[in-house]
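Notes follow the structure.
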2 protein chains.
Amino acid sequence: MMMAGLRERKKEQTRRRIAEVALRLFDERGYDAVTVNEIAEAAGVAKVTLFTYFPTKECLVTDGVADDLAAIVAGRGEGRSPLAALREHYRSMATRGVGEADVEALQAKVRVIASTPALMGALHAVRMGERYDLAAALAEGGEDDLTAQLMAAQITAVITTLQEAFFRRVAAGEPLEEVGRRQSRDVELAFDLLEHGLSSREGERS
Amino acid sequence: MMMAGLRERKKEQTRRRIAEVALRLFDERGYDAVTVNEIAEAAGVAKVTLFTYFPTKECLVTDGVADDLAAIVAGRGEGRSPLAALREHYRSMATRGVGEADVEALQAKVRVIASTPALMGALHAVRMGERYDLAAALAEGGEDDLTAQLMAAQITAVITTLQEAFFRRVAAGEPLEEVGRRQSRDVELAFDLLEHGLSSREGERS
DNA sequence: CGTACCGAGTATATTTTTGAACCCGGTATG
DNA sequence: CATACCGGGTTCAAAAATATACTCGGTACG
């Protein structure tokens, strides 16, 4: 039953509370207008504690936005291709959908990031890191370096696009199950394209 | 503004939560049927933590029931009699009244204590301690030992009686302001009796 | 009778959180 | 130009909370 122990439960709880409070304040007053002192106070923790959970102010928003693609690839089952593992992962994500409760937080996060240049930059940096790690994982799997980097670039580009489509739908207020359905379709389309290459669509255009 | 600092605020909060949870569980299921482990778990703390706040299970209920009479006497203003200081204290207590929110907790506490022999005993012990300390404070103020003990005995007996009357009224569901009014009157009557002696009432009886 | 368990309470080591002082870069101000 | 403040971030010691394992008295049970 994952009886996680008091210590770990409290840590998760604290971390969560800090992030939620920060997001709410950022959304209300703007990222730059809120100091970390205020966040700590509002969350009921000391500033030092805040910084043990989130090394920088930016991390309050960007932490957890990265899907660990490298881990998914590295941890795929025997005899499974990296792409198959990733497809499976995003397929199940789409199927599971988002919880009602998370939507509001998600929208707020998108708003805050989009309205804060520093966070846009940080997000970009996160994605670069994601791509770099994915390339390493692919190289580990036997691909040569340049191939690995090209594959990683394609894959992360596609996944980022999927996420953006998702965010737009959520932001537009589409009903959640509708979002889920579309997202499921998009995932298959995206991975088909990755697998079979752009030429596979060429024919349909004529 | 009593900007108490995060540490102290959290301690008070934790102590309060433990006591509240304990009282609720005791009231629901009976003192003996609830283990300290359950209380700790329900309050979200470790058993050890509970015991750093409350040295025994009984203290979960009895802590804070003692008015520190000795301190009131010791801390009275210059040239003021112990009795005057005590009267003033209880007068202002009665005037201030109880908060709406506390009533429920108070009633529960009375229920739990009354229905638990061990707690009745503990309560008695607390009162003995109170009396003992009061006697010491009076002796410190210049009274000889026996006189101090006799005075302390009278005073604590009277105050206990006042409290019991108060509890009965609250338990009976009298409106709070009514309780406050009566209590104010009772306080004056009680201290008049203490000050002027029983004979002061003899005349009225004939 | 023994023994095995349960709940109150204790001892000790480790982790988490706090407090307080500080550094450093930026910006306002005299 | 100097100086003083402010906000992000770090350092280190001290306090609080947790995990774990224990003692001790009582009691159910074979």
Side-chain angles (χ1 to χ4, degrees), chain A residues 1-23 25-26 28-63 112-113 116-122 125, chain B residues 1-23 25-26 28-63 112 116-119 121-122 125:
Chain A
M1 239 322 215
M2 281 291 285
M3 199 34 194
L6 193 52
R7 208 172 251 168
E8 291 177 42
R9 258 182 296 155
K10 285 201 170 179
K11 279 182 71 171
E12 275 182 38
Q13 213 178 320
T14 302
R15 178 187 191 77
R16 197 185 195 73
R17 194 174 62 245
I18 294 172
E20 282 173 359
V21 165
L23 188 59
L25 292 179
F26 289 155
E28 285 171 7
R29 322 211 314 253
Y31 181 80
D32 293 318
V34 178
T35 77
V36 293
N37 278 304
E38 290 173 317
I39 297 167
E41 191 175 349
V45 300
K47 187 173 67 159
V48 194
T49 305
L50 185 151
F51 277 112
T52 67
Y53 283 97
F54 302 92
T56 72
K57 188 182 181 186
E58 288 170 358
C59 288
L60 286 164
V61 180
T62 60
D63 249 40
V112 170
I113 292 176
T116 312
L119 290 179
M120 293 292 288
Chain B
M1 239 322 212
M2 283 288 288
M3 199 33 194
L6 192 51
R7 203 173 250 162
E8 293 177 42
R9 258 182 296 156
K10 284 201 171 181
K11 278 181 72 170
E12 275 182 38
Q13 211 177 319
T14 302
R15 167 180 257 287
R16 199 186 195 71
R17 194 175 62 243
I18 294 172
E20 282 174 357
V21 165
L23 188 59
L25 293 180
F26 290 155
E28 284 172 7
R29 321 211 315 252
Y31 180 80
D32 293 318
V34 179
T35 77
V36 293
N37 277 302
E38 289 173 319
I39 297 167
E41 192 176 348
V45 301
K47 187 174 67 159
V48 192
T49 304
L50 185 151
F51 278 112
T52 67
Y53 283 97
F54 302 92
T56 72
K57 189 182 179 185
E58 289 170 359
C59 288
L60 287 164
V61 180
T62 61
D63 250 40
V112 170
T116 311
L119 290 178

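Just so it is clear, the values below take in all heavy atoms, side chains as well, and ignore hydrogens, waters and symmetry mates. The chains referred to below are lettered A, B, ... by the order of the sequence lines, with proteins before strands, and numbering in each begins at 1.
Evaluation of the salt bridge (Lys or Arg N to Asp or Glu O under 4.0 Å) rule for B/E12 yields no partner, not counting sequence neighbours. For A/D32, there are no salt bridge (Lys or Arg N to Asp or Glu O under 4.0 Å) partners at least two apart in sequence or on another chain.
Once rounded to the nearest 0.5 Å, the distance linking CZ of A/F54 with CG of A/D63 reads 6.0 Å. Atom NZ of residue A/K11 and atom OG1 of residue A/T52 lie 8.0 Å apart, to the nearest 0.5 angstrom.
The side-chain tip of A/K57 does not point at the ring of A/F26 from less than 6.0 angstrom away and within 45° of straight on.
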Protein-proximity profile, nucleotides 5-10 of chain C, B/S/- by nucleotide at the 4.0 Å heavy-atom cutoff, equals --SSBB
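What you find for B/N37 and B/K47 is that their closest heavy atoms are OD1-CD, 3.4 Å. In terms of heavy-atom proximity, A/L25 sits nearest to A/V34 at O-CG2, 3.6 Å. In terms of heavy atoms, A/L119 sits closest to A/T62 at CD2-CG2, 4.4 Å. For A/V45 against B/L6, the heavy-atom pair with the smallest separation is C-CD2, 3.4 Å.
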Which pairs would a plain distance check flag for residues 16-23 of chain A, meaning a side-chain donor or acceptor within less than 3.5 Å of a matching protein atom at least two apart in sequence or in another chain?
unit_1	atom_1	unit_2	atom_2	d
A/R17	NE	A/A43	O	2.9
A/R17	NH2	A/A43	O	3.3

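Note that the first and last nucleotides of DNA chain D, 5' to 3', having any atom under 4.0 angstrom from a heavy atom of chain A are D/dG7 to D/dA19.
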Tabulated below should be each protein N or O lying under 3.5 Å from an N or O of nucleotides 14-17 of chain C; please produce it.
unit_1	atom_1	unit_2	atom_2	d
C/dT14	O2	A/R7	NH2	3.3
C/dT16	OP1	A/K11	NZ	2.7
C/dT17	OP1	A/Y53	OH	3.1
C/dT17	OP2	A/Y53	OH	3.0

